[in-house]
Amino acid sequence: MDIKLVNRGETGELILSGDLDTKTARDADELFSKMADRFQNLTLDMTNLDYISSAGIRSIRNLYIKLNQKSGKLVMTNVNENVMEVFEMTGLAGLLNIR
């Protein structure tokens, strides 16, 4: 998985590509935590995210919680059908701000 950062002031945008799975979730957790400390709000652009596993879902949930605790917002954009299906099956689709 590859993650690129676009700094938009108080909002950071992370552009995700590849797979967010068991192999990549630990690194994503570390990066997401740093970005949650750095930015008030984060956008995850998932245009090129091909696959997400339960470990990846956990990483995004942890990011959501961390931002929410400091009154920040997490927005996800360009979620493809396969990833959206996982969010719907886990019940996160109703919790997360998906555009």
Side-chain angles (χ1 to χ4, degrees):
M1 184 173 86
D2 185 44
I3 302 176
K4 294 179 184 167
L5 169 65
V6 178
N7 186 339
R8 302 193 189 286
E10 285 190 15
T11 300
E13 180 178 7
L14 298 174
I15 302 169
L16 310 179
S17 60
D19 296 341
L20 182 50
D21 56 18
T22 305
K23 293 178 184 177
T24 60
R26 181 172 290 179
D27 291 338
D29 278 337
E30 290 178 25
L31 179 64
F32 289 169
S33 182
K34 289 177 186 175
M35 294 299 104
D37 290 339
R38 181 174 172 186
F39 295 101
Q40 180 69 25
N41 303 304
L42 280 171
T43 299
L44 299 182
D45 182 337
M46 299 186 163
T47 302
N48 297 312
L49 185 67
D50 300 320
Y51 172 79
I52 190 165
S53 71
S54 59
I57 292 289
R58 202 168 26 256
S59 295
I60 290 174
R61 185 202 59 178
N62 291 342
L63 175 59
Y64 171 83
I65 290 169
K66 189 162 188 174
L67 288 171
N68 196 43
Q69 288 173 341
K70 65 180 211 174
S71 300
K73 293 184 181 174
L74 176 63
V75 174
M76 295 188 302
T77 60
N78 304 310
V79 179
N80 71 38
E81 289 179 32
N82 295 332
V83 173
M84 187 63 172
E85 187 176 316
V86 174
F87 287 141
E88 289 171 350
M89 286 189 307
T90 60
L92 286 177
L95 177 67
L96 300 171
N97 185 354
I98 301 172
R99 296 184 190 165

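- Counting only heavy atoms from C-beta outward, the side chains of I3 and F32 approach each other to under 4.5 Å.
- Residues V6 and L67 do not share a hydrophobic cluster, clusters being chains of Ile/Leu/Val/Met/Phe/Trp/Tyr side chains in contact below 4.5 Å.
- A salt bridge links D37 to K66: one of the charged nitrogens lies within less than 4.0 Å of a carboxylate oxygen.
- The shortest heavy-atom contact between S59 and D29 is OG-OD1, 2.7 Å.
- Residue Y51 is not grouped with residue V79 when hydrophobic side chains (ILVMFWY) are merged at heavy-atom distances under 4.5 angstrom, including chains of intermediate members.
- Evaluation of the salt bridge (Lys or Arg N to Asp or Glu O under 4.0 Å) rule for D2 yields no partner, not counting sequence neighbours.
- From L5, atom CG reaches atom CZ of F39 across 5.0 Å, with rounding to the nearest 0.5 Å.
- L96 and V75 fall into different hydrophobic clusters, where Ile, Leu, Val, Met, Phe, Trp and Tyr residues are linked whenever their side-chain heavy atoms come under 4.5 Å apart, directly or through other members.
- Judged purely by distance below 3.5 Å, without hydrogens or angles, the side chains of T24 and D27 never pair a donor atom with an acceptor atom.
- Annotation: the span from L16 atom CG to N48 atom CG amounts to 9.5 Å, rounded to 0.5 Å.
- Remark: N62 CG to I57 CD1 distance equals 11.5 Å, nearest 0.5 Å.
- Formation of a donor-acceptor pair under 3.5 Å by the N41 side chain with backbone atoms of T11 is not found in this model.
- A28 approaches L20 most closely through the heavy-atom pair CB-CD1, 3.6 Å.
- At least one donor-acceptor pair closer than 3.5 Å links the side chain of Q40 to the backbone N or O of K70.
- L92 and M46 fall within the same hydrophobic cluster, where Ile, Leu, Val, Met, Phe, Trp and Tyr residues are linked whenever their side-chain heavy atoms come under 4.5 Å apart, directly or through other members.
- I15 is not listed as a side-chain neighbour of T47, based on a closest heavy-atom distance of 4.5 Å or more.
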